[in-house]
Peer 1: 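Just dropping this structure here.
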Amino acid sequence: MTQVTERSLPLLPVKARPSVLATCFLRGAIAAGLGLGALAVLVMVLWISSPYPDSGPGGALRTAASLWLLAHGAQLVRPETLTGSPAPVGLVPLLLVALPGWLAHRAARDVLMPEEDEDEGEGYADEPAGPLPSGWAVFGAVTCGYLVIATATVLYAAAGPLPADPLTAAWRLPLTVALATAAGVWTAHGRPLGPLPERVPARVRSLLLDVRTSAAARAAGAAVAVLLGGGALLAGAGLAWHIGMAEDAFLRLAEDWSGRLAVLLLALALVPNAAVWGAAYGLGPGFAVGTGAAAGPLGVAGTPALPHFPLLAAVPTGGHGSWWNWAAAGVPLAAGLVLARFTARAAVAEGWGRRGTARAALLGAVLCGCALAGLAAVAGGPLGTGALAALGPVWWRTGGAALLWAAVVGVPAAVGLRAWRLRGAVPRRSLRARIAGVFSWRPRRGRGAAVPGSGPVPVPGPVGGDSSADEEAYDFLPVGGGALWHEDGAREARWAALKEASGGLMADIPAAGAELSPPWPLPNPGAAPDPAPQTPGGLDAARPRADPGPVPEGGPLPGPVLGPLPGPVPEPVRESGPHPDHVPEPDHAPEPGSPPGPAPESEPHADPDPRRPDPA
């Protein structure tokens, strides 16, 4: 079957086909025929191998057609009963739905995603392919082609032992086909989430395309998977607990190997139903085991009316539940924690706050409840009239319980997990910084109180390869705490960090109490300039020039050339008489570190500016 679907009808060039829609229509009909043919082959094999067939090959083929309609959700009718009144058969095996659903999905997807066949001849490869049809056209054509075969099948099965109910077949069968075909078209377009049509309200579009919605959908999907897995585990545990009853029912239903194979295949097809029933059992509402009877963790209420079937032996029989029945509550608890984990991970990645995380978790709980309600609605159904008219979980009770469990467990757990994940990203404060933060509200004498409303001042720690520097990278001190900034060698640590960052260009920090002195003496406005020896080289000769080295051709000098010192040129000195700017020598000795005073009177007066040329 896989080879047939992989080598389905290709989309021929425009010149060689009358219409693209006809090809899509044919694809839908082929998908329906493949599913119907697969079930027909299986039923015919069982009919041939049975030593006591009830009907001829026509009856076997009509039974296969009825099973194919049941796989689409249509309700069957069993006219021959002990009471004489027809009995409905509406319990749909969910594993049986997978075959027609996958075929319809594949038929619509392959139209919009044509795969090139490597074995095609050169003549086909050279022909240009036509334009792909629109998604709506493919959806309508494939669905119509599938429904034509389904209508013919309904008419064919009407004369068999299990005819389909026309009312349920009229709306359930098209709904199943439409959902599968729409999923195929959506998959062919890359499963996009937008853009949505303009007729959809803007608020609804923004809600559906929000990041929180997609994160909540993923979290809800994970929670639903945990619920179904836990339900299957509960069903398997119950079946293992009542293995004797299951074996007795399996041996009594059929005596030959073909009949037992049919019972085994039917039980396997009902395994997903058992998983949903187990999930409803763990959530609390349980499931109906007949009209007026229900089975839950607290016990079985009413009188159960169950047919003699191996898989139904897993239903508990005690009137009151014991401790291992109550242990089933661990399934919804685990589902809520999984929902919280997925939501918290998305909240940390997207940077949501506590409210945003809680809203996303609550939305995931709502989606989880809706999914469980839908699964519970399709997992149950009647198997007759009277006491067998109600079997399986009630959809609104199961959905409400799933919503309640996911909201109560998932929302606070998601907020807590988000806070725990963000805890490692916040830098840890040292003990000294914590103590300083506690007493930062107290004003300091001589320094003033902290500025109201000001935030903490980060103090960088020492830079180095120490692993503890990552944990104590910052010490947060208040703005007003100026004394702590210069305590315990803080100045030396900051200076060492700046020196290491500069690559050794900075000098070492001076000793404590020493003041930085400038590289040259600062001018004293009250004292005469220091005399300097005259140089016959002129103004530029008194200042040393850096050797620029060889001058490259066609380019500037490799380094800066020091020019004359800036400053005003002093007035010329008179030949006789005292200098107008002469200041007498003070009586006391100058303080150390101050610029030198004027020259003594015994020596001849020197030019105050060494850059002035010699008057001689």
Side-chain angles (χ1 to χ4, degrees), residues 207 212-235 238 272-289 293-302 316 320-347 352 354-380 390 392-419:
L207 179 62
R212 290 185 178 88
T213 304
S214 59
R218 289 191 295 269
V224 170
V226 172
L227 284 175
L228 295 180
L233 183 62
L234 292 177
N273 300 66
V276 177
W277 288 29
Y281 182 87
L283 288 170
F287 48 87
V289 288
L298 299 179
V300 179
H320 299 281
S322 58
W323 64 268
W324 67 271
N325 297 99
W326 303 337
V331 174
L333 181 62
L337 293 178
V338 169
L339 185 142
R341 180 180 180 274
F342 275 76
T343 307
R345 185 174 62 181
W352 300 337
R354 287 177 293 181
R355 292 185 178 180
T357 306
R359 290 175 183 175
L362 185 59
L363 181 58
V366 172
L367 295 177
C368 179
C370 294
L372 259 295
L375 290 175
V378 300
V394 182
W395 67 271
W396 61 270
R397 292 180 182 177
T398 305
L403 171 61
L404 185 62
W405 272 100
V408 171
V409 178
V411 173
V415 176
L417 284 177
R418 170 194 166 274

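Residue numbers start at 1 and run along the sequence shown.
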Peer 1: Between atom CG of Leu339 and atom CG of Leu362, what is the distance when rounded to the nearest 0.5 Å?
Peer 2: 10.0 Å

Peer 1: Looking only at non-hydrogen atoms, find the nearest pair between Ala220 and Leu367 and report the distance.
Peer 2: CB-CB, 3.7 Å

Peer 1: If we only count heavy atoms from C-beta on, is the Thr398 to Val276 side-chain gap below 4.5 Å?
Peer 2: no

Peer 1: A side-chain contact here means heavy atoms from C-beta on lying under 4.5 Å apart; do Leu227 and Cys368 qualify?
Peer 2: yes

Peer 1: Determine yes or no for a side-chain-to-main-chain donor-acceptor pair under 3.5 angstrom, with Trp405 supplying the side chain and Val331 the backbone.
Peer 2: no

Peer 1: Grab the two heavy atoms, one from Ala346 and one from Ala215, that are nearest each other, plus how far apart they are.
Peer 2: CB-CB, 3.8 Å

Peer 1: Any donor and acceptor pair, going by atom type alone, linking the side chain of Asn325 with main-chain N or O of Leu298 inside 3.5 Å?
Peer 2: no

Peer 1: Look up atom CG in Leu417 and atom OG1 in Thr343, then write down how far apart they are to the nearest 0.5 Å.
Peer 2: 9.5 Å

Peer 1: How far apart are the closest heavy atoms of Ala360 and Trp352, and which atoms are they?
Peer 2: CB-CZ3, 3.8 Å

Peer 1: Within a 6.0 Å radius of atom CZ on Arg212, are there more than 12 heavy atoms belonging to other residues, nucleotides or ligands?
Peer 2: yes

Peer 1: Roughly how far, to the nearest 0.5 Å, is the CG atom of Asn273 from the CG atom of Leu375?
Peer 2: 10.0 Å

Peer 1: If you compare all heavy atoms of Pro332 against all heavy atoms of Leu283, which two are closest, and at what distance to 0.1 Å?
Peer 2: CB-CD2, 3.6 Å

Peer 1: Would you name the heavy atoms of Ala414 and Ala340 that are closest together and state the gap between them?
Peer 2: N-CB, 3.4 Å

Peer 1: Minimum heavy-atom separation for Leu234 and Gly278, please, with both atom names.
Peer 2: CD1-O, 3.6 Å

Peer 1: I need the Leu363 CG to Thr213 OG1 distance, nearest 0.5 Å.
Peer 2: 5.5 Å

